[in-house]
Asker: 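Here you go, one structure.
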Amino acid sequence: MLVGRGLVGRGLAALAVAAQAALGLFPDEAGRIDWYRAQIGVPHALAGHTHNGTAALYAATERGVVAALDADSGSVRWRHVLDGEAIGALRVGGGRVLAQSAGGGEARVRVWDAHSGALQWAFARHANSTDPAAAEFVGDGSGDVVAVAGGALVRVGAGGEPAWELRLGGSAAFGRVVVAGGSAFAIGERRGGGGGGLRVVQAALADGARQRQYSVADGQALGSGRAVVAGAHVLWREDGDIVWRVHRLGATSPPWDLLHAKMVQEELAPEDMLTSTLGELAPGEPRFTLTYAKAGARKTVAIELDEGPDGGVGMRKLAALRTDGAAIGCGGGGGAALVAVSAADGAWRARGAGGERLRGRLAYDAAAHGPVVRAALVRTAAGGARAVAVTAGGLVLCGAPGADAALWARDEALAHATDMALVDLPPPPSGAERAAAESDPAAGASAAARYALRWAATARAVAAWAFGLLRGSAAPADAAIPATVGDHFGFRKLAVFGSGSGVVAALNTQGGARAWARRLADGAVDRVVVARRCQPLAADPPPVVVAVARSASANATVVAALHALTGAVLRSDTLPGPPPARVLPLPAAAADGQQLIALIWISSGAPALRVWPPTPDAARSLCAAAAATPLFFDVADDDARVRGFRIHCGADGDAPAALPAWAFALPPGETLAAPPTRYDDDAAHAAALLGRVLGDRSVLYKYLSPHVTTLAARRAAGGVAVYLLDRVSGRLLHSAVHAAARVGPDHPFVATQAENRVVYQLWHDVIPGAAPARGYVTVVADLYESDVPDARDARPAFSGLDLAQPAVVTAAFAAPGPATALAATRTASHITTRDVVFALRSGALLSLPAPLLDPRRPVGAPPTADEQAEGLVQYAAPLPLDPRRVLSHVHTVAAVRRVVSAPTHLESTALVAAYGLDLFFTRVTPSGSFDQLSPSFSKLNLAATTLALAAGCLLAAPMVRRQVTARAWA
Amino acid sequence: MLLLLIALVLAAAAAAALGDEPKAYRLRGAIVANAVLDDVSQLAASAQVVVNGGERRAFIQSDGAFVVDGLSAGDSLLEISSAAYAFPKLHVRIAADGDGGDGRASVAARYVQAGAKWDDAAPVLPYPLQIAATARYDFYTPRQGFSIVAMFSNPYMLMVGASLAAVFILPRLQANMDPEALKEATAAISAPAKPKPKP
């Protein structure tokens with residue numbers, strides 16, 4: 001349906017339609033009605049570096065981000081999101097940052113300018129995802145890098161061009177690179193038989209000529225605690241041995257030497273040596289750590305290797321620390337040091353290479369963020385030091401020596417957000433409630449006193465408002481309002497997030513202030529569900545959110561009910577076994593008003609079903625609800641089948657189970673590419689108008705079933721099939737085959753549903769009607785009860801089991817860009833038209849109005865009078881990227897995983913939240929702010945007009961009086 | 001003619017195929033400064049080059065240069081993904097038939113419009129690619145400030161003005177009128193309207 005002719009004219013017409021409703025954001029609204037948080041993710045590699053007198057902390061994170069943080073404030077100086085790539089090595093030196101990453105079938109090496117973050121060069125090589133990779137700076141000031149990528153040892157220079165390349169062969173998994181003595185060494189663990197050990201390939205640094213290849217450290221493996229690479233040496237301890245063996249890379253005679261040291265003899269007894277472990281300290285530096293237990297205490301020693309004039313290897317102790325329950329780390333960038341941060345209370349101690357002793361404390365809430373798991377010491381520009389710690393919950397802390405509190409902290413847990421639920425907040429207290437709260441209980445005994453106090457509280461509120469008005473702000477600053485207090489418009493809610501680091505955190509949607517955070521488990525929080533909404537009276541049961549988390553260490557699932565306003569755990573259950581495949585809020589409540597939740601484990605037969613909370617009362621409530629209205633759910637339990645189940649209770653009415661209801665098997669040769677769209681909100685399908693009024697005043701009635709779900713399947717013959725299913729009956733409502741489409745990690749299938757409209761987007765290698773063009777295509781499908789106007793299902797009762805087949809009207813558009821998520825806006829009474837929000841890969845959140853996405857737009861001819869009356873404009877293939885419709889304006893909202901919309905108390909206004917790597921919240925008015933004063937309304941004009949009228953009246957009054965008097969005397 | 005153009009525009013580099021791996025090519029280009037974007041280093045930290053909707057991505061260097069690795073022969077869509085600037089989309093055709101065994105292939109790039117048919121008759125762009133921003137996104141609607149003209153064009157203010165005129169100016173006009181003319185005008189106003197004679 002895509003048509004390329006006359007694009008410009010019709011594109012302009014479409015833009016005109018878009019502009020009608022696109023009020024755009026006023027500059028002074030930016031940052032006032034929205035907020036944005038740029039995040040980097042939980043760091044797995046940290047390095048400090050000072051360049052041109054500026055100190056920065058560089059981080060590679062589990063979200064595939066390379067970032068530079070200000071060492072004094074923690075603010076992001078620059079960051080790069082390596083979407084879909086896992087970062088391995090991070091090295092900093094000479095004003096450059098080296099990041100080695102892998103993903104998408106390639107191993108990549110990139111070098112960035114440490115100060116500006118600008119890319120200096122990049123190198124990519126085809127590689128399997130399982131191939132190890134490594135990279136190191138050559139270290140001669142050239143900025144060249146030696147890397148292992150795609151099974152070859154490569155030297156890469158400026159421009160990303162390889163200077164030489166040496167194939168390594170498949171004898172070992174080469175995952176380490178060392179540059180020393182004019183040679184480059186690739187070190188890997190031997191594959192196949194032979195009892196393990198390390199394989200070393202030595203190449204000339206100048207031309208890549210293979211100098212030597214040999215094996216060393218038989219039976220050892222890096223990372224086992226018994227073998228390390230320390231600078232240009234490989235050090236290992238044989239099983240049952242109490243001495244180390246050290247091999248200088250490239251040395252032939254002797255191949256290795258025994259390393260005896262007085263320091264070791266002083267530090268630990270022979271039996272302690274047997275249980276000691278070796279660890280790597282600073283990449284590329286001849287240093288390592290020895291950790292051992294002595295007299296029940298754990299101790300870590302940092303050791304430096306040095307070569308004597310005779311070529312013998314010696315060592316010296318740099319620092320020693322007791323490390324009971326502590327995370328240990330080192331100083332990067334040549335600042336040899338050791339830091340230990342207590343996992344319990346954040347107290348840290350460090351030893352510098354020069355022997356200086358540093359200590360401080362990184363005070364933080366361990367219950368909310370978990371224990372410290374990673375630590376590093378960073379040198380500042382002035383020669384000072386900063387201790388950096390990362391907690392299991394994703395909090396990054398930085399502290400200065402001698403300080404009891406952290407210098408700065410970054411909560412990166414929400415960069416790994418997995419789910420979000422919005423909780424309504426209680427409205428702000430009235431004057432009477434404030435008076436009651438502020439008054440002496442004794443005074444409350446008198447009605448007159450209460451009356452006086454209430455008026456006094458009101459007077460104080462008016463005075464505060466007037467004072468604020470004089471200061472230029474009539475409303476109190478958002479920061480001054482507690483995060484758990486709402487407002488009269490419903491703009492303030494609590495966004496409760498679950499994160500991959502096991503943290504549940506609640507933020508206020510207005511400003512992003514954190515209300516509370518709690519770490520539930522050491523695994524990811526999979527779902528967050530609002531189980532009880534906020535009640536109007538404070539004495540009512542509190543709002544409750546239920547979080548389902550994985551306990552990785554215990555191989556169990558933790559289900560916890562939390563007080564939505566305080567985060568207090570009201571109830572927690574640990575269920576053994578893997579986490580459930582589905583967490584389904586049910587349309588039934590327990591006796592205390594708490595919504596029931598079904599936990600579903602998929603098996604080859606009927607899925608296992610558990611109701612939460614696990615009480616007989618809850619099971620009975622569910623059975624009663626299921627008896628009144630059948631409850632259905634669906635699961636995609638393999639690559640080629642979706643099954644539907646009905647919740648059924650036994651004769652005793654208290655043992656709910658899942659009974660198979662239907663199965664939808666994909667046609668042969670198709671595999672599921674995108675599972676059925678998430679469904680736990682009937683309101684998404686609610687509509688104020690049951691039909692669509694056409695230009696001739698006839699009506700097309702909408703197919704408003706809340707059970708429509710969308711799924712996509714990859715076809716073996718090429719292309720993608722999209723299916724719309726009814727999840728009650730399993731009936732196929734609509735299908736479309738996109739023969740030239742492709743779905744995969746680089747080309748995600750995204751979809752959203754609202755009322756009777758399904759919108760999805762997918763990549764097309766050949767665009768229909770515009771071949772050989774390529775691009776993303778947005779497809780809109782509107783479902784109607786019939787394609788005949790005024791015809792509708794006349795039955796008084798509707799049942800999902802025997803609904804008529806819908807009539808589907810579809811249209812395809814050229815998408816405004818690659819999208820990672822779609823969502824339709826949602827208002828309180830569904831009267832306001834629904835915009836569709838596209839989270840684009842460029843970081844823009846684009847909101848497109850419903851008329852632009854209307855599949856009934858006339859194609860190839862201007863709209864007729866009836867079509868104009870219906871509000872239709874001529875079809876144009878491109879969906880415009882109008883910057884006035886970019887909700888995120890100047891912000892780059894990176895790697896959005898999901899967009900959520902929620903209603904406010906104003907029908908015109910919807911909240912829109914986007915989360916992924918970053919967080920962004922804003923308000924939208926798809927049909928304009930018809931129930932509020934226009935943002936452009938001039939209050940000054942109103943005041944001036946009123947004053948002018950008043951002045952006119954005052955001036956005219958005596959004159960009129962005189963005239964009346966004169967007329968009376970005439 | 002087209003083939004000649006394609007032949008003239010040769011790719012500068014191509015990554016050699018290794019073993020059974022599909023042959024992959026390297027594409028070079030640069031974002032160039034113009035009146036819309038006078039400092040290309042602004043893009044370095046925020047924009048990316050995206051090929052085929054995310055199949056291949058490349059960061060942009062501080063001088064605007066970029067290199068996209070791993071491209072396969074055929075037609076590709078190249079876009080500059082930027083949240084602040086608009087860039088044209090390019091249809092890039094890498095023709096393996098120009099590969100003479102030296103690892104090079106011919107490249108032809110043309111501007112395309114979203115949703116439109118890729119037109120082989122469109123002019124071929126020089127290689128390495130030189131791409132310039134077409135617009136800087138303006139996300140905001142300027143708020144109208146206080147304007148005395150706007151205030152007096154307000155209907156309420158016009159009503160106020162008319163009322164004031166009636167109060168202040170009409171009495172003075174009455175005072176300056178000839179008494180007889182005033183009496184006639186008053187009588188005309190107060191006299192009942194005469195019915196129109198019927199035809």
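This structure is a prediction, so every number in the text was calculated from the model and none was measured. In what follows, chains are A, B, ... by sequence order, proteins preceding strands, each numbered from 1.
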Asker: Among B/Ala84, B/Ser81, B/Gly53, single out the residue with the greatest number of heavy-atom pairs under 4.5 Å to chain A.
Answerer: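 Of the candidates given, the most pairs with chain A belong to B/Gly53.
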
Asker: Select one option (side chain, backbone, both, neither) describing which atoms of A/Glu106 are under 4.5 Å from chain B's heavy atoms.
Answerer: side chain

Asker: Using non-hydrogen atoms and a 4.5 Å limit, figure out which bit of B/Ser163 sits close to chain A: side chain, backbone, both or neither.
Answerer: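 Neither the backbone nor the side chain of B/Ser163 comes within 4.5 Å of chain A.
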
Asker: Quick one: are B/Val67 and A/Trp121 in side-chain contact, heavy atoms under 4.5 Å?
Answerer: no

Asker: For chain B, which residues from residues 950-960 of chain A have at least one heavy atom closer than 4.5 Å to it?
Answerer: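 Listed by number: A/Gly952, A/Leu955, A/Ala956, A/Met959.
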
Asker: Among B/Ile80, B/Asn52, B/Val50, which residue has the highest count of heavy-atom pairs closer than 4.5 Å to chain A?
Answerer: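 Result: the option with the highest number of such pairs is B/Asn52.
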
Asker: Can you list everything that forms a ring pair (Phe, Tyr, Trp, His ring centres under 6.0 Å) with B/Tyr85? Sequence neighbours excluded, please.
Answerer: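 Residues passing ring pair (Phe, Tyr, Trp, His ring centres under 6.0 Å) with B/Tyr85: none at all.
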
Asker: Can you name the closest pair of heavy atoms from A/Phe26 and B/Pro142 and give their distance?
Answerer: CE2-O, 3.9 Å

Asker: Do you know the tightest heavy-atom contact between B/Ala83 and A/Ser842?
Answerer: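 Looks like CB-O, 3.7 Å.
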
Asker: With rounding to the nearest 0.5 angstrom, report the NE2 to CG distance, A/His764 to B/Leu77.
Answerer: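 With rounding to 0.5 Å, NE2 (A/His764) is 14.0 Å from CG (B/Leu77).
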
Asker: Against chain B, label A/Arg108 side chain, backbone, both or neither, depending on which of its atoms sit under 4.5 Å from a heavy atom there.
Answerer: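 Contact with chain B: side chain only.
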
Asker: Applying salt bridge (Lys or Arg N to Asp or Glu O under 4.0 Å), can you list everything that pairs with A/Asp28, at least two apart in sequence or on another chain?
Answerer: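 Testing A/Asp28 for salt bridge (Lys or Arg N to Asp or Glu O under 4.0 Å), a comparison that skips the adjacent residues, returns A/Arg32, B/Arg143.
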
Asker: Rounded to the nearest 0.5 Å, what's the gap from CG on A/Leu881 to OH on B/Tyr137? Could you check?
Answerer: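 Rounded to the nearest 0.5 Å, the CG-OH separation comes to 4.5 Å.
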
Asker: Is there a side-chain contact between A/His80 and B/Gln48, using heavy atoms and a 4.5 Å cut-off?
Answerer: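 With C-beta onward as the side chain, the pair stays apart.
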
Asker: At a 4.5 Å cut-off on heavy atoms, which part of A/Pro818 comes close to chain B: side chain, backbone, both, or neither?
Answerer: side chain

Asker: Side chain from CB out, backbone as N, CA, C, O: work out which of these in A/His889 comes under 4.5 Å of a heavy atom of chain B, or both, or neither.
Answerer: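 When you check distances to chain B, atoms from both the backbone and side chain of A/His889 fall under 4.5 Å.
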
Asker: Mind checking whether B/Phe139 and A/Leu25 have side chains closer than 4.5 Å, heavy atoms only?
Answerer: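 Side-chain contact under 4.5 Å: no.
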
Asker: What are the two closest heavy atoms between A/Val81 and B/Phe59, and how far apart are they?
Answerer: O-CZ, 3.7 Å

Asker: Under a 4.5 Å heavy-atom cut-off, does chain B meet the side chain of A/Ala122, its backbone, both or neither?
Answerer: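 For A/Ala122, the backbone is the part near chain B, not the side chain.
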
Asker: Does some side-chain heavy atom of A/Arg841 sit less than 4.5 Å from a side-chain heavy atom of B/Arg57?
Answerer: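 Heavy-atom side-chain distance check passes, below 4.5 Å.
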
Asker: Contact part of A/Val893 toward chain B, heavy-atom cut-off under 4.5 Å: side chain, backbone, both or neither?
Answerer: neither

Asker: Please report the closest heavy-atom contact between B/Glu55 and A/Arg742, naming both atoms and the distance.
Answerer: OE1-NH2, 2.7 Å

Asker: Under 4.5 Å heavy-atom distance to chain A, tell me which part of B/Asp63 shows up: side chain, backbone, both or neither.
Answerer: neither

Asker: With sequence neighbours excluded, tell me which residues meet side-chain hydrogen bond (donor to acceptor under 3.5 Å, both in side chains) with A/Asp83.
Answerer: none

Asker: Is A/Arg774 salt-bridged to B/Glu79, going by a charged N under 4.0 Å from an acidic O?
Answerer: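 No.
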
Asker: Which atom pair, heavy atoms only, marks the closest approach of A/Leu119 to B/Ile60?
Answerer: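 Looks like CB-O, 3.9 Å.
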
Asker: Write down the atom of A/Ala814, the atom of B/Ala114, and the distance for their closest heavy-atom approach.
Answerer: CB-C, 4.0 Å

